[in-house]
Amino acid sequence: MSDTGEKDIMTTIRGLMDEEHALRSTPEGLGSTERRRMKEVEEALDQCWDLLRQRRARAEYGENPDDARARPVSEVEHYWQ
């Protein structure tokens with residue numbers, strides 16, 4: 001990963017994954033606020049993974065990775081990593 005944009009996305013993904021793991025490891029379970037935040041984190045992860053895939057595909061085919069844009073949650077939710 002030599003691209004600054006890709007590094008930024010990976011940093012964001014790592015932070016979101018850390019937060020997701022922290023939420024999941026709450027021994028007393030998630031309250032409504034935590035469940036809402038978990039959904040937001042999962043949606044943001046879906047968007048980040050999609051954006052990363054778009055950038056890599058663009059680079060592979062000789063296009064500018066910076067032209068990739070985050071797509072709406074409804075379009076990318078529940079992607080398999």
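Here the structure is a predicted model, which means the values were calculated and not measured. Numbers for residues simply follow the sequence, beginning at 1.
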A.B. asks: Please confirm whether the backbone N or O of Val76 pairs with a side-chain atom of Arg71, one donor and one acceptor, at under 3.5 Å?
C.D. replies: no

A.B. asks: Spell out, as yes or no, whether a donor-acceptor pair under 3.5 Å connects the side chain of Glu34 to the backbone of Gly31.
C.D. replies: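 Answer holds: yes.
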
A.B. asks: With a 4.0 Å cut-off, would you call Glu6 and Arg58 a salt bridge?
C.D. replies: no

A.B. asks: Using modelled atom types only, decide if a donor and an acceptor are shared between the side chain of Gln54 and the backbone of Arg69 within a distance under 3.5 Å.
C.D. replies: yes

A.B. asks: What closest approach, in Å, do Ala22 and Ser25 show between heavy atoms, and which atom pair accounts for it?
C.D. replies: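 Minimum heavy-atom separation between Ala22 and Ser25: O-OG, 3.0 Å.
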
A.B. asks: What's the shortest heavy-atom distance between Ala70 and Leu51, and which atoms?
C.D. replies: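 Ala70 and Leu51 have their closest heavy atoms at N-CD1, 3.8 Å.
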
A.B. asks: Any carboxylate oxygen within less than 4.0 angstrom of a Lys/Arg side-chain nitrogen, looking at Arg36 and Glu40?
C.D. replies: no

A.B. asks: Out of curiosity, Ile9 CD1 to Thr4 OG1, how far, rounded to the nearest 0.5 Å?
C.D. replies: 11.0 Å

A.B. asks: Could you tell me the separation between the CE atom of Met38 and the CD atom of Glu19, rounded to the nearest 0.5 Å?
C.D. replies: 8.5 Å

A.B. asks: For a 4.5 angstrom cut-off between non-hydrogen side-chain atoms, does Asp46 reach Val73?
C.D. replies: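 With C-beta onward as the side chain, the pair stays apart.
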
A.B. asks: Thinking salt bridges, do Lys39 and Glu43 make one under a 4.0 Å N-O criterion?
C.D. replies: yes

A.B. asks: Is the closest side-chain heavy-atom distance between Glu60 and Arg56 below 4.5 Å?
C.D. replies: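 Side-chain contact under 4.5 Å: no.
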
A.B. asks: At what distance, to the nearest 0.5 angstrom, does CG of Leu16 lie from CH2 of Trp49?
C.D. replies: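 These two atoms lie 10.5 Å from each other.
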
A.B. asks: If I take atom OG1 from residue Thr26 and atom CZ from residue Arg35, how far apart are they, to the nearest 0.5 angstrom?
C.D. replies: 11.5 Å

A.B. asks: Quick check against the 3.5 Å criterion: does Arg55 have a side-chain atom that pairs as donor or acceptor with the backbone of Pro65?
C.D. replies: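 Such a contact is found between Arg55 side chain and Pro65 backbone.
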
